Amino acid sequence: MLTLNQIRENTPEVLEKLKKKNFNGQEIITSILDTDKKRRNLQFELDSKQSELNDLSKKIGELFKTGKKDEAQVIKQKTIGLKEEIKLLGEEFDQTGNELRDLLIQVPNLPHHSVPPGKGSADNVVVKSGGEKPRLPEDAMPHWELGKKYEILDFDLGTKLTGAGFPLFKGKGAKLQRALIGFFLDENEKAGYTEFSPPLMVNEDSGFGTGQLPDKEGQMYHITMDNYYLIPTAEVPVTNIYRDVILDANDFPIRNTAYTPCFRREAGSYGKDVRGLNRVHQFDKVEIVQIQHPEKSYEALEEMVNHVEQLIIKLELPYRIVKLCGGDMSFTSALTYDFEVFAAAQNKWLEVSSVTNFESFQANRLKLRFRDDVTKKTQLAHTLNGSALALPRIVAALLENNQTEKGIMVPLVLRAYTGFDVIS
RNA sequence: GGAGAGAUGGCAGAGUGGUCUAAUGCGGCGGUCUUGAAAACCGUUGUACCUUUAGGUACCGGGGGUUCGAAUCCCUCUCUCUCCGCCA
């Protein structure tokens, strides 16, 4: 959520930036400014009346104390009309406040100046690539067939237990999952991230804080009986730790990491790259989150990008880093780098991480602030997050790229975690 | 699931209808003293919004109500603690 100050003080600039995100904000920004003005006028009126009533009440109190009941009765009469006015004004004020909020949450975050223009994924910019695409044997298989062949991955049983998109890993497949999680967490810890193991369900406030609610409500599994949501990413609990928090400037940087299963309904995406592990309803992911000083958040973003890149390099996967264009970025993002690895048997690039600086967009919803050392005033912090890394597509690429006549070779860095070198 | 108690500032903790503009203590910050530090003493110490020389309004777990006036009374929800039951 943008702040009113951002919109009030730089209206033309805001409109210009929104255009880059393919969002025509002219109409909504105008009504935000109007509604804001209206709300402020109402507040001034309401505050004045309230102040008047408070004065009268004090007087009545004094008169009662000194026994002048008749005079008190006279003043009491005066408060009747005033109270009615305050009630009506209060209702209008609250309503206007709600209208303003409803408008504000519809405006996407402003893109960073370096975000490339563009309408969709075709306009994203590959900023770096690395690793080598493997040469596969003649009879190379996609990962869903490899999973069957080596009995490590069973989609049919997952469907039996739950439904489509809930894969079941078994034997060395299950152990590979555990190895990857351990490897990622250890690497993140070495890079200065503190490990968390958060709740997998969150309440409405948390869903709102990181921006999943209300707009992406249909993408989360909702436990209606208790009004909880299954988390679509660890970002939600791990960032909401800092909801309604005022940090000290020297608390920065905060670096957190967490492994969690992630649950996504993926409504509306049926039939689009959904084979095998490419798109599933439940998957494992290790997430990194940073809370930073506004002046340092882009440094932090680069640091996170470098860190994620190192993880992929250590897994020996061919990859590319993509800077998302204005039209392809998420609603909440100011700047996003996607990481894609190449799954050779499918001949496809699969997104395995999305590293984003939200600037103060989430912080404003979260009321996540810090106290400025110099001015002693509170100010919104910046939040960032990224996957380090999401497992299923990494597994897909590992299985496909590392298949040999002898079986699937486990990357060197994982062998201490798996306890085996090859899946055969 | 049943019964009871409770939720007040960074923390502890008083306040049960009218200077509450929230006591007091601890902590934090500034100062005096000191070679320096500690102790002692003095001062200061929440958030947000409106208007801005100065003010004003709201906030005592959330929401609603009674009243001229609510931290205080009533209703309701959430959470915490104690005991019982069930259970990994």
Side-chain angles (χ1 to χ4, degrees), chain A residues 1-9 32-105 197-209 213 222-229 237 240-252 254 360 363-381:
Chain A
M1 187 160 68
L2 298 178
T3 64
L4 276 169
N5 279 342
Q6 274 175 297
I7 295 172
R8 263 201 304 246
E9 287 161 23
I32 285 173
L33 290 171
D34 290 347
T35 311
D36 173 45
K37 187 117 193 248
K38 184 179 167 197
R39 200 186 84 103
R40 279 193 286 165
N41 288 336
L42 282 168
Q43 182 175 355
F44 182 71
E45 233 181 301
L46 180 63
D47 284 358
S48 310
K49 301 275 184 203
Q50 191 65 252
S51 175
E52 212 178 308
L53 181 66
N54 287 347
D55 284 344
L56 290 178
S57 292
K58 256 176 221 167
K59 250 179 230 163
I60 292 171
E62 281 163 27
L63 290 171
F64 264 112
K65 258 190 199 165
T66 49
K68 298 174 182 167
K69 287 194 178 165
D70 295 344
E71 285 181 52
Q73 285 302 333
V74 174
I75 298 178
K76 249 196 204 183
Q77 287 303 315
K78 280 201 216 167
T79 64
I80 294 170
L82 199 54
K83 273 181 64 167
E84 188 57 30
E85 280 182 84
I86 287 170
K87 199 185 162 197
L88 292 175
L89 272 172
E91 280 166 11
E92 202 183 347
F93 177 72
D94 289 345
Q95 197 194 322
T96 310
N98 289 338
E99 278 169 30
L100 185 59
R101 199 196 83 139
D102 289 347
L103 289 169
L104 275 172
I105 61 175
S197 185
L200 305 182
M201 294 183 200
V202 293
N203 59 28
E204 249 179 305
D205 285 346
S206 295
F208 179 81
L213 293 175
H222 188 188
I223 288 97
T224 51
M225 207 178 269
D226 299 289
N227 200 23
Y228 293 152
Y229 294 86
N240 271 283
I241 293 169
Y242 305 95
R243 172 154 48 82
D244 281 318
V245 166
I246 300 174
L247 297 163
D248 279 331
N250 58 21
D251 290 332
F252 295 130
I254 290 172
S360 60
N364 190 31
R365 285 175 163 235
L366 291 160
K367 295 196 178 69
L368 163 51
R369 292 156 293 172
F370 69 99
R371 195 172 304 284
D372 190 289
D373 268 346
V374 183
T375 64
K376 302 290 175 199
K377 298 237 165 138
T378 61
Q379 196 183 330
L380 292 173

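Each chain gets a letter, A, B and so on, in the order the sequences are listed, and its residues count up from 1. A quick note: this is a predicted structure, and the numbers were derived from the prediction, not measured.
Across all strands shown, Leu56(A) has no heavy atoms under 4.0 Å from either base or sugar-phosphate atoms. Nucleic acid contact for Ser57(A): base, since at least one base atom lies under 4.0 Å from a heavy atom of the residue.
Taking atom NZ on Lys377(A) and atom C1' on rA48(B), their separation rounds to 12 Å, with Å as the unit. Atom pair Leu63(A):CG and rU19(B):P shows a separation of 15 Å (rounding to whole Å applied). rA48(B) atom C1' lies 12 Å from atom CG of Leu380(A), rounded to whole Å. Across the protein-nucleic acid pair, Ile246(A) atom CD1 and rG28(B) atom P stand 19 Å apart, rounded to whole Å. Following rounding to the nearest Å, Asp372(A) (CG) and rU47(B) (P) show an atom-to-atom distance of 13 Å. Between the CG atom of Asn227(A) and the C1' atom of rC79(B) there is a distance of 16 Å, rounded to whole Å. In this structure, the CZ atom of Arg371(A) is 16 Å from the P atom of rG28(B), given to the nearest Å. One can place CG of Asn364(A) at 10 Å from P of rC49(B), the figure rounded to the nearest angstrom.
With both pairing distances under 3.5 Å, rG69(B) is matched to nothing as a Watson-Crick or G-U wobble pair. Across all strands shown, rA54(B) has no partner, as no Watson-Crick or G-U wobble contact with both distances under 3.5 Å is found. Nucleotide rG36(B): unpaired (no Watson-Crick or G-U wobble partner with both distances less than 3.5 Å). Of all nucleotides present, only rC77(B) satisfies the Watson-Crick or G-U wobble test against rG61(B), with each distance under 3.5 Å. With a cut-off of 3.5 Å on both pairing distances, rC20(B) has no Watson-Crick or G-U wobble partner at all. With a cut-off of 3.5 Å on both Watson-Crick or G-U wobble distances, the partner of rG30(B) is given as rC42(B). When both pairing distances are held under 3.5 Å, rG1(B) makes a Watson-Crick or G-U pair with rC84(B). If you check rG9(B) for Watson-Crick or wobble pairing at under 3.5 angstrom, you find it has no partner at all.
To the nearest whole angstrom, the two C1' atoms, one in rU34(B) and one in rU72(B), are 49 Å apart. On the P atoms, rU80(B) is 39 Å away from rU44(B), given to the nearest whole Å. For the C1' atoms, the distance linking rC86(B) with rA3(B) amounts to 16 Å, nearest Å. Between the P atoms of rG18(B) and rC74(B), the separation comes to 16 Å (whole Å). The P atoms of rG13(B) and rU8(B) are separated by 9 Å, rounded to the nearest whole Å. Comparing the same atom, C1', in rC20(B) and in rU32(B) gives a spacing of 33 Å after rounding to whole Å. Comparing the C1' positions of rA37(B) and rC33(B) gives a spacing of 12 Å, expressed to the nearest Å. Rounded to whole Å, the separation between the P atoms of rA70(B) and rG61(B) comes to 15 Å.
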Tabulate below the donor-acceptor pairs under 3.5 Å that side-chain atoms of residues 76-85 of chain A make, not counting sequence neighbours, or state none.
{"residue": "Thr79(A)", "atom": "OG1", "partner": "Lys76(A)", "partner atom": "O", "Å": "2.6"}
{"residue": "Glu85(A)", "atom": "OE1", "partner": "Lys49(A)", "partner atom": "NZ", "Å": "3.0"}

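Annotation: side chain of Leu368(A) is not in contact with side chain of Leu380(A) (no heavy-atom distance under 4.5 Å). Residues Leu104(A) and Asn364(A) form no side-chain contact, since every pair of their non-hydrogen atoms from C-beta on lies 4.5 Å or further apart. Side-chain contact between Asn203(A) and Asn227(A) is absent, with no heavy atoms from C-beta onward closer than 4.5 Å. Looking at Leu366(A) and Val245(A), their side chains never come closer than 4.5 Å, going by heavy atoms from C-beta outward.
With salt bridges taken as basic N to acidic carboxylate O contacts below 4.0 Å, one links Arg40(A) and Asp36(A).
Counting only heavy atoms from C-beta on, Lys58(A) has its side chain closest to rU21(B) among rU21(B), rC68(B), rU47(B).
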Item to complete: Encode nucleotides 50-65 of chain B as B, S and - characters from 5' to 3', where the letter depends on protein heavy atoms closer than 4.0 Å: B to the base, S only to sugar-phosphate, - to neither.
Response: SS----BSS-------
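Side chains of Ser51(A) and Asn54(A): no donor on one and acceptor on the other come within 3.5 Å.
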Discussion item. Between Asn98(A) and Arg101(A), does the side-chain hydrogen bond (donor to acceptor under 3.5 Å, both in side chains) criterion hold? Intermediate values first, please.
Written reply: CA-CA 5 Å; Asn98(A) 289 338; Arg101(A) 199 196 83 139; 5.7 Å; no
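The nearest heavy atom of RNA chain B to Arg369(A) and to Lys83(A) marks one nucleotide each, and the one closer to the 5' end goes with Arg369(A).
Ring geometry for Phe252(A) against Phe370(A) counts as perpendicular: the plane angle is over 60°, on a 0 to 90° scale with 30° as the lower cut.
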